[in-house]
**Student:** 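Before I ask anything, let me first share the structure, which is written out below as structure tokens.
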Amino acid sequence: MTQHRIDPLGALVTAVGAAALLWLPFVVLKPNRILPGDARSLIAVLPPSTTIACLACLILVALAALAMSKPPVRLAAALLGVIVVAAAISTAGDVLTPPGNRVVRVAPGSGFWVLLVAVGLMATDAITRLRPRPAARVLMLALFAAVTLFALAHGTFDHLSVMREYAVNAGRFAHEVRQHVWLALGSLGTAVIVALPLGILCHRVPRLRGGVLGTLNVIQTIPAIALFGILMAPLGALAAAVPLAAQLGIRGIGAAPAVVALFLYSLLPVVANTVAGLKRVSPAAVEAARGMGMTSWQVLTGVELSLALPTILTGIRIVLVQNIGLVTVAALIGGGGLGVFVFQGIGQTAIDLVLLGAIPTVALAFSAAVLLDAVVETMNRARQ
Amino acid sequence: MITVDKLSKRYGTTTVVDQASMVIERNSITVIVGTSGSGKSTLLRMINRLVEPSSGRVLIDGNDTAREPAHLLRRRIGYAIQGHGLFPHRTVAENIATVPRLLGWDQARVRARVDELLGVFQLDPAEFAGKFPHQLSGGQQQRVGVARALAAEPAVLLMDEPFGALDPIIRAKAQDDLLDIQRRFATTIVLVTHDMDEAFRLGSRVAVMSQGRVLQYDRPAALLTRPADPFVSRMTGSADRAMKLLSLTTAGEVAVPGSSNGPTVAASASLRDALSELVWRGAESAAVVDANGMPCGCLTVAAILAHGRPG
Ligand SMILES: Nc1ncnc2c1ncn2[C@@H]1O[C@H](COP(=O)(O)OP(=O)(O)O)[C@@H](O)[C@H]1O
Ligand SMILES: [Mg+2]
């Protein structure tokens with residue numbers, strides 16, 4: 001039976017996790033936010049009783065990863081792993097921070113991150129094996145987000161370096177998150193408004209297709225920084241020449257070039273997927289629709305776009321995830337968003353500040369991917 | 001009645017349909033037959049204006065179809081095509097309800113009509129109404145396609161190779177069903193095919209097309225006995241033309257009063273089938289029986305043979 005066979009992914013996760021625990025620093029204790037610190041292993045940091053409990057739990061998780069084949073059991077074990085690793089780092093923060101000292105930094109070390117990735121991998125693998133319906137996946141994401149936010153709000157990780165940075169930047173953080181989401185969604189929204197008709201046009205007029213897709217492809221290959229640079233000059237000139245444009249916030253630097261650049265990047269995936277989706281629509285269905293007396297508009301919306309929608313949404317998903325990542329770069333030209341923390345952190349060689357920008361960005365992109373995947377799959381299921 | 005009056009379609013310099021004229025009788029099946037690329041589909045599609053004619057007119061019951069917005073015209077004309085063209089994202093019931101919905105029928109009436117049509121096409125509404133097209137067999141999909149074309153009770157039904165994708169046994173069944181449907185709803189059907197046997201089987205009149213021109217438009221028997229063009233003879237095939245001719249007449253039409261102690265033959269059977277039966281049994285005559293099995297005359301080999309030659 002499979003129960004006696006060792007699970008290959010379980011073996012990998014266990015090996016990686018054990019190596020991280022043995023040889024990589026679980027936390028790094030830094031005298032302040034900039035200076036390098038000394039590495040500490042989990043065993044050296046936690047009180048003996050906590051260490052034993054922690055290791056016992058992790059061994060249990062490893063056993064489940066190696067020998068258990070039932071996905072729910074594996075998922076439960078992986079979640080236990082996540083909780084244990086989170087609890088360990090939280091405790092480490094509490095233990096290592098001298099009372100009243102706001103200068104010393106307890107930073108999660110590479111061992112912590114590798115362990116977290118290992119149990120995270122096990123969890124996603126278990127979820128994949130469970131094959132949850134789209135709604136269930138969204139529910140899991142929401143639950144996980146709720147628990148994490150609850151723990152954060154409760155101060156569970158307040159002694160860790162990243163949360164120290166948060167405490168300093170709390171006022172700006174919410175603003176930059178909103179700005180980040182606004183830049184990503186705003187550029188996506190405008191892109192969809194332009195790309196959908198453009199895709200339909202390319203589908204109807206095949207002669208246009210090569211030129212349009214080729215041009216958008218070229219835009220896609222321009223690096224983000226270069227594109228910002230290219231846009232700064234004309235937008236700056238526009239603002240100088242047209243006062244109304246300046247009043248509307250259009251300037252050579254700031255959000256305007258960022259939104260325009262992201263908009264340009266967003267066009268190709270949406271146009272290409274619109275064309276691909278429309279191409280896949282059965283010509284017989286369109287012919288029948290026309291033959292039965294649907295107007296051109298009814299054929300387009302009721303048949304062609306309806307049938308192409310899952311493919312178009314797949315393009316939108318690509319763009320949204322891509323934009324959430326790219327918005328980070330917009331901070332370089334004063335566009336705001338979470339990239340502000342990343343680049344300030346790099347400037348100050350304060351890795352903790354970099355993480356304050358990077359971790360929420362990854363979380364946003366991941367959540368967007370899960371949400372839109374669920375929507376696409378629901379649609380595909382409904383029509384099989 | 002549909003009058004096709006000197007209808008032509010040109011794409012650039014190529015003429016795809018050339019001055020086609022025909023008068024299509026009400027309440028009958030008219031078949032347009034020809035080789036691939038001969039312009040059959042284009043001619044058919046000019047009737048519901050999926051293709052706008054370059055010149056010529058189409059009159060339905062005396063009214064010029066060009067005077068009406070094309071999409072409104074099409075809602076009055078059923079249209080069924082090869083490969084059915086069902087909407088994959090809509091259920092069977094929603095597919096059938098397409099035109100009634102476009103016409104703004106109320107929900108109860110739409111529902112009643114969908115159920116009625118599913119019944120007519122031997123698809124149990126409880127089982128099939130909620131299914132998606134991909135869950136049906138090829139034959140079922142084709143039936144739903146025809147049901148959808150008939151949903152709004154059109155007086156005219158256009159069909160473009162509707163049975164082209166079916167295997168022979170299911171196709172024969174679909175053809176029989178179509179003959180029943182035509183009688184039941186008294187629809188005027190115009191059907192395009194490249195299959196001469198299908199044309200003979202279904203058509204009360206057949207138009208033979210080649211290179212955009214209607215070479216002959218006549219009763220099937222006349223195509224065999226008085227072909228207007230060598231191409232028509234080639235289309236109908238000369239090797240078994242006597243048999244084809246026999247297949248166009250039923251035993252009941254030829255039976256004479258009298259009795260026979262030969263085998264029994266149904267009045268609805270074709271002379272071709274009756275002859276086959278007599279040859280097989282080595283008999284000179286057959287007793288013809290009606291649908292209830294009651295004798296209604298007799299049929300001799302000589303009488304059959306007399307119908308298998310021209311004149
Ligand atoms: N939109 C069009 N443009 C140019 N040529 C066409 C077009 N539609 C059909 N044709 C040509 O007209 C001819 C007849 O086509 P069609 O009516 O579909 O033939 P059939 O149905 O008898 O096979 C073919 O040679 C086809 O290539
Ligand atoms: Mg054709």
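Per chain, numbering begins at 1; letters A, B, ... match sequence-line order. On a predicted model such as this, the values are computed, not experimentally measured, just so you know.
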**Student:** Count the heavy atoms of every other residue, nucleotide or ligand shown that sit under 6.0 Å from CG of A:Leu143, and state whether that count exceeds 12.
**Tutor:**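 For A:Leu143, atom CG is crowded (more than 12 foreign heavy atoms under 6.0 Å).
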
**Student:** Which atoms of B:Arg90 are under 4.5 Å from chain A, going by heavy atoms: the side chain, the backbone, both sets, or neither?
**Tutor:** side chain

**Student:** Using a cut-off of 6.0 Å, state whether more than 12 heavy atoms not belonging to B:Arg171 lie near its atom CZ.
**Tutor:**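 Counting neighbours around CZ of B:Arg171, more than 12 heavy atoms of other residues, nucleotides or ligands fall under 6.0 Å, so yes.
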
**Student:** Tell me, for B:Ile77 versus chain A, whether the close heavy atoms (under 4.5 Å) come from the side chain, the backbone, both or neither.
**Tutor:**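 B:Ile77 touches chain A through backbone heavy atoms alone.
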
**Student:** For the residue pair B:Arg148 and A:Met292, establish whether any side-chain heavy-atom pair is separated by less than 4.5 Å.
**Tutor:**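 Counting from C-beta outward, B:Arg148 and A:Met292 do come under 4.5 Å.
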
**Student:** So which heavy atom on A:Ala285 is nearest to which on B:Leu86, and how close?
**Tutor:**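 Between these two residues, the closest heavy atoms are CB-O, 4.0 Å.
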
**Student:** Can you name the nearest heavy-atom pair linking B:Arg75 to A:Gln298, along with the distance?
**Tutor:**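 Closest approach of B:Arg75 to A:Gln298: NH2-OE1, 3.3 Å.
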
**Student:** Which pair of heavy atoms, one from A:Ala288 and one from B:Gly85, lies closest together, and at what distance?
**Tutor:** CB-O, 3.5 Å

**Student:** Please name the pair of heavy atoms, one in A:Ala284 and one in B:Gly83, separated by the smallest distance, quoted to 0.1 Å.
**Tutor:**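 Closest pair (atom of A:Ala284, atom of B:Gly83, distance): CB-O, 4.3 Å.
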
**Student:** I need the A:Thr295 OG1 to B:His71 NE2 distance, nearest 0.5 Å.
**Tutor:**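 One gets 6.5 Å once the value is rounded to the nearest 0.5 Å.
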
**Student:** Quick check on B:Glu52: does its CD atom have over 12 non-hydrogen neighbours (other residues, nucleotides or ligands) under 6.0 Å away?
**Tutor:**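 Count over threshold, so yes.
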
**Student:** Looking at residues at least two apart in the chain, or sitting in another chain, which of them share a side-chain contact (heavy atoms from CB on, under 4.5 Å) with A:Arg178?
**Tutor:** A:Ala174, A:His175

**Student:** Looking only at heavy atoms, which of residues 260-283 of chain A get nearer than 4.5 Å to chain B?
**Tutor:**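 The list, in residue order, is empty: none.
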
**Student:** Flag yes if more than 12 heavy atoms outside B:Phe185 fall under 6.0 Å of its CZ atom; otherwise flag no.
**Tutor:** yes

**Student:** I'd like to know whether CZ of B:Arg10 has more than 12 heavy-atom contacts from other residues, nucleotides or ligands below 6.0 angstrom.
**Tutor:** yes

**Student:** With side chains defined as the heavy atoms from C-beta onward, is the minimum distance between A:Glu287 and B:Arg45 less than 4.5 Å?
**Tutor:**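 The answer is yes; the side chains approach within 4.5 Å.
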
**Student:** Does CH2 belonging to A:Trp182 count more than 12 external heavy atoms closer than 6.0 Å?
**Tutor:** no

